[in-house]
Amino acid sequence: MRYIKLNTNESPFPPSEKAQKYASQAASLLQLYPDPQCAELTKKIAQNLGVEYENVLVTNGSDEILNFAFMAFCDKEHPCVFPNITYGFYSVFAEVNSIPYEEIPLRDDFTINVEDYIGINKNIFIANPNAPTGIALALSEIERIVKSNPDNIVVIDEAYVDFGNESAVSLVNKYDNLLVTQTFSKSRSMAGARLGFGVGCRELIADLNTIKYSTNPYNINKMTMAAGIGAMEDEEYTKRNCREIIKTREYTAAELEKMGFTLTKSTTNFLFAKHNKISGSEIYQKLREEGILVRHFDKKEICDYNRITIGTLEDMQILIDTLKKITEGK
Ligand code: PMP
């Protein structure tokens, strides 16, 4: 069976043609090691974000920079906190690095209570927008958290920032305790290339570079580096795709609500939805039987929900029609 894959928040669109062209040109030079400084790509990212070269570190997916941040800034004396419902890898990275962590419960409506993080005096990891809830904090709220914890690092994971949110990159030169991470995996259609980056003050980036050079100096392969440069030169393509995904998200959300689904206010490339009569696991299973993969979590607070990636409009129409069949008469 050919599945419609709406379970890992990939983009339904191919990478930009420039990214594809540069990557295939780089293929003919694979006998050489890649540039360990990743200079040209770092320069392009810095340019596009309006920061300096020294503010940016490029990594193998944003997972790598997140792991680097746990390694560089946290230990037994410097524990960390993050919401109890968030990106699953935070607890994995904390555990693998033997870092004590606390999970702060979300409110019942899945929003983050900012007051919980004010002056908490521990390193903080927040996905903004959060995953899998899709809900974002305003930039002013992020700033309050960063400002109130000057002796700790605040990492803002912006994997989904491009789907209708304000980035905290504008704050990195104002606060030396802020690290913002982003990825090429979602809005830039390059999950398979493994490319992400962090933006922070020079000193933070220098610390993270120390980790990089002592673990994997050639962390970005030549083809990925070239594709990343192509994507950075083609930001208009990314923006167009984001607009399309946002439009499809809003249409799909409205259709799901008509069928008795409750949704969070997602500003990402996915929806987080529960039905008022049918359990989350049953929806997941029935969709799977019909060839549509979505993501279900067993965790009790969110087991009524499914996370549904926004695909093409055609994919989402098939999802909507299938859900109509599943929910009919319930
Ligand atoms: N942060 C969040 C919140 C994510 O959902 C993901 C991907 N699933 C990542 C980071 C990591 O993405 P990547 O390593 O592909 O950049």
Side-chain angles (χ1 to χ4, degrees), residues 5-13 15 19 38 41 45 56-71 80-94 96 103 106 110 112 124-137 142 154-165 167-169 179-199 208 212 215-216 219-221 224-225 227-228 231-232 238 242 245 249 264 266-272 293-297 299 302 305-311:
K5 202 171 169 306
L6 306 177
N7 61 343
T8 52
N9 296 343
E10 291 145 328
S11 173
F13 305 117
C38 211
L41 176 56
I45 293 172
V56 177
L57 172 59
V58 184
T59 54
N60 193 305
S62 55
D63 277 341
E64 186 175 51
I65 191 128
L66 289 166
N67 189 29
F68 284 178
F70 279 94
M71 291 166 80
C80 61
V81 297
F82 37 83
N84 64 332
I85 297 163
T86 190
Y87 183 40
F89 251 124
Y90 300 159
S91 55
V92 173
F93 290 142
V96 80
E103 294 176 296
L106 296 180
F110 298 137
I112 289 175
I124 298 170
F125 288 78
I126 288 180
N128 196 44
N130 198 11
T133 64
I135 302 170
L137 285 174
I142 296 291
V154 180
V155 177
I156 303 299
D157 170 353
E158 295 189 345
Y160 302 102
V161 72
D162 295 329
F163 302 100
N165 306 280
S167 171
V169 163
L179 177 71
V180 179
T181 65
Q182 291 193 12
T183 181
F184 282 67
S185 298
K186 316 292 178 187
S187 58
R188 299 184 183 89
S189 303
M190 283 176 44
R194 311 306 303 127
L195 192 60
F197 58 91
V199 190
L208 292 162
K212 167 186 147 169
T215 50
N216 189 9
N219 62 338
I220 312 297
N221 75 69
T224 292
M225 214 180 280
M232 281 287 116
T238 299
C242 288
I245 287 169
R249 177 185 75 207
T264 56
S266 171
T267 52
T268 64
N269 67 339
F270 58 84
L271 293 172
F272 196 53
L293 299 178
V294 297
R295 181 80 197 270
H296 180 256
F297 300 84
K299 204 169 179 160
I302 53 172
Y305 284 77
N306 281 289
R307 190 193 69 191
I308 305 167
T309 305
I310 303 301

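Whatever order the structure lists them in is the order used to number ligands and atoms, beginning at 1. A quick note: this is a predicted structure, and the numbers were derived from the prediction, not measured. Starting from 1, each residue takes its place in the sequence as its number. Hydrogens, waters and symmetry mates play no part in the numbers below; they use all other heavy atoms, side chains included.
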- Query: Backbone, side chain, both or neither: what part of Ala159 comes under 4.0 angstrom of ligand 1, heavy atoms only?
  - Reply: side chain
- Message: Restricting to side-chain contact (heavy atoms from CB on, under 4.5 Å), what partner residues turn up for Asn9, sequence neighbours left out?
- Response: Tyr160, Lys186, Asn269, Phe270, Arg307, Thr309
- Any idea how Phe125 and Phe82 line up, ring-wise: parallel (<30°), tilted (30 to 60°), or perpendicular (>60°)? perpendicular
- Item | Shortest reach to atom 2 (C) of ligand 1 by a heavy atom, considering only Ile65, Asp157, Asn67 | Asp157
- Task: Classify the side-chain pair Thr59/Asn219 by whether it contains a donor and acceptor separated by less than 3.5 Å.
- Result: no
- Message: Quick check on Ser185 - does any of its heavy atoms sit under 4.0 Å from an atom of ligand 1?
- Response: yes
- Which residue and non-hydrogen atom of the protein lie closest to atom 6 (C) of ligand 1, and at what distance in Å? Tyr87 CZ, 3.5 Å
- Item | Polar side-chain atom of Arg249 near backbone of Thr268 as donor-acceptor pair, under 3.5 Å | yes
- Which of the ligand 1 atoms, numbered from 1, are nearer than 4.0 Å to a heavy atom of Arg194: 13 (P), 14 (O), 15 (O)
- Identity and separation of the nearest protein heavy atom to atom 11 (C) of ligand 1: Asp63 OD1, 3.2 Å
- Of all protein heavy atoms, the one nearest atom 12 (O) of ligand 1 is Ser62 OG, 3.4 Å
- Message: So for Tyr160, does at least one of its heavy atoms come nearer than 4.0 angstrom to any atom of ligand 1?
- Response: yes
- Note on the structure: Going by the 4.0 angstrom heavy-atom rule, the piece of Lys186 near ligand 1 is side chain
- Query: Is there side-chain contact between Leu41 and Leu195, with at least one heavy-atom pair below 4.5 Å?
  - Reply: yes
- Item | Distance, nearest 0.5 Å, that separates CD1 of Ile65 from OG1 of Thr183 | 11.5 Å
- Would you mind listing which atoms of ligand 1 come within a distance below 4.0 Å of any non-hydrogen atom of Thr183? 13 (P), 15 (O), 16 (O)
- Do side-chain atoms of Asn84 reach the backbone of Glu103 as a donor and acceptor pair under 3.5 angstrom? no
- Task: Check each atom of ligand 1 against the heavy atoms of Gly61 and keep those under 4.0 Å away; list them by number with element.
- Result: 14 (O), 16 (O)
- Task: To the nearest 0.5 angstrom, please state how far the CD1 atom of Ile112 sits from the CG atom of Leu106.
- Result: 6.0 Å
